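The block underneath contains the structure these notes are about, expressed in structure tokens.
By convention in this document, chain letters (A, B, ...) are assigned in the order of the sequence lines, proteins followed by strands, and residues within each chain are numbered from 1. Just so you know, these numbers come straight off a predicted model, no measurement behind them.
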2 protein chains.
Amino acid sequence: MPTIYEVSKLAGVSLATVSRVMNNTSPVRESTRKKVEAAMAELGYRPNSIARSLASNRSDSIGILVSELHGPFYGAMISSIEAEFRTAGKHVIIAAGHSEEATERDGIEFLLSRNCDALILHVEAVSDEYLVQLKAKEIPFVLINRQVPQLQPQCISLNNKLGGYLATQLLLRQGHRQLGYISGPLWKTDAQDRYRGHQLALQEAGLDWDPKRLFEGDYHEDGGSAGIRYFLQQGIPLTALICANDEMASGAMTEAREQGLFIPQQLSIIGFDNVMLSHYTYPKLSTIDYPIAAMGQMAARWVLKEVYQQKQPELQLVFEPRLIERDSCVVLPQP
Amino acid sequence: MPTIYEVSKLAGVSLATVSRVMNNTSPVRESTRKKVEAAMAELGYRPNSIARSLASNRSDSIGILVSELHGPFYGAMISSIEAEFRTAGKHVIIAAGHSEEATERDGIEFLLSRNCDALILHVEAVSDEYLVQLKAKEIPFVLINRQVPQLQPQCISLNNKLGGYLATQLLLRQGHRQLGYISGPLWKTDAQDRYRGHQLALQEAGLDWDPKRLFEGDYHEDGGSAGIRYFLQQGIPLTALICANDEMASGAMTEAREQGLFIPQQLSIIGFDNVMLSHYTYPKLSTIDYPIAAMGQMAARWVLKEVYQQKQPELQLVFEPRLIERDSCVVLPQP
DNA sequence: TTGTAAGCGTTATCAA
DNA sequence: TTGATAACGCTTACAA
């Protein structure tokens with residue numbers, strides 16, 4: 001691997017000049033620039049990014065921590081983040097936090113140790129205080145899908161409450177009055193918010209809220225099937241079911257069918273997130289769109305603007321969910 | 001950020017000694033080790049990985065190039081790779097190649113420029129020659145899901161042909177004789193191999209092979225639905241359909257249902273890959289398991305062994321697919 | 001078992 | 001517009 005030194009020798013200029021033509025950080029006479037470029041080409045010179053980082057104190061790398069690397073959700077997010085940074089010549093280092101406090105901390109620690117210029121975090125288990133303390137340290141970061149009051153300007157999130165509201169509203173509009181709700185783990189703020197939106201919609205419709213109609217799931221398929229079994233065993237009559245994410249909706253759909261219910265004729269089901277799988281179920285799942293790709297891209301732009309001082313169009317911090325009507329929710333059949 | 005120098009001063013030892021206790025690269029008296037560790041703790045010292053890389057000529061980073069970051073398939077692969085490297089203290093840099101030659105080359109180029117110690121590549125569009133040339137350069141790499149004769153010892157792949165064979169065999173065993181096959185893009189070697197396995201099974205069963213019963217799809221849902229329309233329009237009678245991946249199987253399933261066919265009673269469908277979605281379809285998709293997580297892990301171990309000289313259990317380069325029977329394939333009903 | 005000192009390949013600050 | 005040269009923070013011979 002040729003170094004900048006060999007380039008400078010071949011071109012008959014100094015190290016500094018070669019550096020200048022690479023970074024055009026100060027004017028260089030056209031003729032010498034040509035010489036240098038020729039020398040670089042001849043040697044097949046490629047700058048050593050490590051040396052550059054050490055000298056410039058930037059690594060051009062951004063750490064990303066998500067709960068899981070697989071799963072439909074994070075893939076879309078990482079994908080849009082990577083694309084945005086790639087065109088900006090930055091690269092992305094990834095780590096998984098597995099929704100566990102210790103692992104999330106480890107992951108952050110790990111990324112910090114890698115001298116990332118910035119972090120994009122999708123963390124769930126770590127406390128608000130931890131994040132506030134983190135801000136005190138040197139590395140800038142954005143939070144995705146999390147609101148920390150003291151960190152407002154660096155939180156990119158979805159209006160989850162509105163999502164829960166929209167889902168419930170659809171079913172009410174379709175005439176359903178006997179609703180069930182399968183939530184995510186209620187220690188997660190998004191699970192809480194979605195559920196609050198549900199309650200709000202009920203309240204606005206003048207319906208009263210029955211705690212027995214809530215089942216706390218786990219955001220996985222099992223949560224959905226367990227929820228169905230719960231409602232059936234308790235003898236709670238249901239014509240429609242809201243699941244706080246698509247995976248649970250799929251689990252619920254499968255279990256309901258196994259229990260002999262026709263979907264959607266006997267039970268309307270709506271999910272949340274609009275991940276790929278909502279496409280694959282039968283009937284196709286009605287759901288609430290979570291614009292995760294757009295949010296990932298926005299997180300990347302936040303970094304480009306705040307950390308690398310690139311000019312960017314106005315940043316958007318809060319995103320709105322959208323109702324996606326497919327085939328799993330129908331107007332309540334008149335008896 | 002405290003540096004190694006400040007640690008050495010506080011501990012009253014030399015730089016070299018601090019370095020030694022960090023890397024235990026040569027024996028250090030227990031008492032001085034204690035002193036150094038105390039100093040590190042007191043200062044909250046964290047070694048600068050960039051400086052370390054520059055000096056040691058290792059970056060402890062591994063570049064991964066996949067076709068897409070989203071999608072069910074690569075997520076599982078990246079996930080297992082990351083987990084394996086994380087415990088080894090290495091990190092992973094990712095890039096997407098989008099199954100396009102130019103983008104794949106760019107991606108590789110990009111990762112090279114990042115001074116990765118090794119590359120794990122899931123490339124499709126780039127030529128064998130390009131890869132052979134790449135080997136001549138300095139950076140070691142493993143290929144996933146690709147066989148290049150000259151690069152045998154660094155190819156981790158699935159026996160795709162066997163997969164196509166197993167899928168076909170199941171249907172034959174179930175009494176089906178009127179089979180259709182929706183392949184992936186036939187310029188991709190895995191698509192070719194899977195199809196060859198299909199042909200082989202037919203041949204062994206003494207059935208003749210009819211080119212009209214092949215439809216070339218795109219590995220996406222659309223390919224599946226287009227395939228169904230093709231077979232129907234051509235009036236080709238089918239009792240069972242093999243799709244070269246699960247996504248196309250899902251598309252085919254949906255389209256077939258829309259065309260009024262009952263699945264699996266009137267048409268058995270089998271997929272390939274066993275990605276998450278095969279779980280979500282209705283009926284649940286029978287398919288061929290592609291142990292991508294295990295293969296990703298193996299790729300990581302390959303790197304750990306070959307590049308970082310860590311001892312590893314024997315490496316496995318070729319993986320066998322496995323038949324997964326679920327609900328979408330049934331014994332041919334007797335007329 | 002410990003210390004000294006020469007790199008590693010850049011960037012960045014001064015001068016010229 | 002260019003050139004010297006001192007960092008950047010660590011690893012690693014080589015000596016002691």
Side-chain angles (χ1 to χ4, degrees), chain A residues 1-37 39-40 43-61 89 91 112-117 138-139 308-309, chain B residues 1-40 43-61 89 112-117 138-139 308-309:
Chain A
M1 274 280 85
T3 71
I4 195 176
Y5 175 71
E6 302 170 42
V7 174
S8 77
K9 233 175 27 185
L10 181 58
V13 299
S14 72
L15 290 188
T17 300
V18 177
S19 173
R20 288 185 187 106
V21 345
M22 288 198 303
N23 305 298
N24 49 47
T25 170
S26 79
V28 173
R29 183 179 304 145
E30 194 51 31
S31 61
T32 68
R33 146 166 280 125
K34 284 269 184 290
K35 274 194 304 190
V36 171
E37 280 166 351
M40 299 203 305
L43 293 173
Y45 169 74
R46 205 184 313 106
N48 179 318
S49 63
I50 306 256
R52 166 187 299 216
S53 294
L54 185 60
S56 67
N57 203 28
R58 280 180 298 102
S59 63
D60 284 334
S61 73
H91 73 261
L112 288 178
S113 81
R114 255 45 194 186
N115 297 78
C116 296
D117 293 335
E138 68 282 26
I139 296 192
Y308 297 109
Q309 272 77 38
Chain B
M1 275 278 87
T3 71
I4 194 176
Y5 175 71
E6 302 170 40
V7 174
S8 78
K9 232 175 29 185
L10 180 58
V13 299
S14 72
L15 288 188
T17 302
V18 177
S19 173
R20 288 186 186 106
V21 344
M22 288 198 305
N23 305 297
N24 48 48
T25 169
S26 81
V28 173
R29 182 178 305 145
E30 193 51 29
S31 61
T32 67
R33 147 165 281 124
K34 283 270 183 290
K35 274 194 305 190
V36 171
E37 279 166 351
M40 298 203 307
L43 293 173
Y45 170 73
R46 206 188 307 110
N48 180 319
S49 63
I50 306 255
R52 166 189 301 217
S53 295
L54 185 60
S56 67
N57 203 29
R58 280 181 297 100
S59 64
D60 284 334
S61 73
L112 288 177
S113 80
R114 253 50 193 185
N115 297 80
C116 297
D117 294 335
E138 69 280 27
I139 295 191
Y308 297 109
Q309 271 78 39

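- Atom CG in Asp60(B) sits about 13 Å away from atom C1' in dC10(D), given to the nearest Å.
- Ranking dC14(D), dT10(C), dG9(D) by closeness to the Ala51(A) side chain, first place goes to dT10(C).
- Phosphate proximity of dT10(C) to Ser56(A): absent, as no side-chain N or O sits under 4.0 Å from OP1 or OP2.
- When distances run from any side-chain atom of Ala55(B) to the nucleotides dT1(C), dC8(C), dG3(D), the shortest one goes to dC8(C).
- For the pair Met40(B) and Arg46(B), the minimum side-chain heavy-atom distance is 4.5 Å or more.
- Of the candidates dT2(D), dG9(D), dT1(C), dG9(D) carries the atom nearest the Thr3(B) side chain, counting heavy atoms from C-beta on.
- In plain terms, the two heavy atoms of Asp117(B) and Tyr308(B) that are nearest each other are OD2-OH, 2.5 Å.
- Projected onto DNA chain D by closest heavy-atom contact, Ile50(B) and Ala16(B) fall at different nucleotides, the more 5' of which corresponds to Ile50(B).
- Residue Lys9(A) contributes atom NZ, which lies 20 Å from atom C1' of dT2(D) at whole-angstrom precision.
- An OP1 or OP2 oxygen of dG9(C) is reached within less than 4.0 angstrom by no side-chain nitrogen or oxygen of Arg52(A).
- Counting non-hydrogen atoms under 4.0 angstrom, Val13(B) reaches the backbone sugars and phosphates but no base.
- Scanning all heavy atoms of the two residues, the minimum distance from Ser49(B) to Asn115(A) falls at OG-OD1, 2.7 Å.
- The minimum heavy-atom distance between Val7(B) and Val36(B), with the atom names listed, is CG1-O, 4.2 Å.
- One finds a side-chain N or O of Thr17(B) lying less than 4.0 angstrom from the OP1 or OP2 phosphate oxygen of dG3(C).
- For Tyr45(A) and dT10(C), the shortest distance from a side-chain N or O to OP1 or OP2 is below 4.0 Å.
- Within 4.0 Å (heavy atoms only), Ser49(B) reaches no atom of the nucleic acid at all.
- Ile4(A) has its CD1 atom 14 Å from the P atom of dA4(D), to the nearest Å.
- Among the protein residues, Ser53(A) comes within range of no part of the nucleic acid, since none of its heavy atoms lies under 4.0 Å from any strand.
- Across the protein-nucleic acid pair, Asn48(B) atom CG and dT10(C) atom P stand 17 Å apart, rounded to whole Å.
- Under 4.0 angstrom from either OP1 or OP2 of dT2(D) there lies no side-chain N or O belonging to Ser26(A).
- Judged by distance alone with a 3.5 Å cut-off, no donor-acceptor contact links the side chain of Arg46(A) to the base of dG9(C).
- Taking 4.5 Å as the limit, every side-chain heavy atom of Arg114(B) sits out of range of all side-chain heavy atoms of Ser61(B).
- Not one side-chain nitrogen or oxygen of Thr25(A) sits closer than 4.0 Å to the OP1 or OP2 atom of dT11(C).
- Here dA15(C) presents its C1' atom at 11 Å from CZ of Arg20(A), a figure rounded to the nearest Å.
- A close approach under 4.0 Å does not occur between any side-chain nitrogen or oxygen of Ser19(A) and OP1 or OP2 of dT10(C).
- Between the C1' atom of dA6(C) and the CG atom of Leu54(B) lies a distance of 13 Å, rounded to the nearest Å.
- Relative to the side chain of Leu15(A), the nucleotides dT2(C), dT11(D), dT11(C) differ in distance, and dT11(C) lies closest.
- Shown here is Asn57(B), whose CG atom has no more than 12 heavy atoms of other residues, nucleotides or ligands within 6.0 Å.
- Nucleotide dC8(C) holds its C1' atom 11 Å from the CG atom of Asn115(B), rounded to whole Å.
- Out of dG9(C), dC10(D), dT2(C), the shortest distance to the side chain of Val28(B) is found at dT2(C).
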Give the C-alpha distance, both sets of side-chain angles, the deciding distance and a yes or no for side-chain contact (heavy atoms from CB on, under 4.5 Å) between Met22(A) and Arg52(A).
-> CA-CA 11 Å; Met22(A) 288 198 303; Arg52(A) 166 187 299 216; 4.3 Å; yes

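- Met22(A) comes within 4.0 angstrom of sugar-phosphate atoms only, judged by non-hydrogen atoms across all strands, and of no base.
- Remark: C1' of dC8(D) and CE of Met1(B) are 15 Å apart, rounded to the nearest angstrom.
- Of the side-chain N and O atoms in Asn57(B), none sit less than 4.0 angstrom from OP1 or OP2 of dT11(D).
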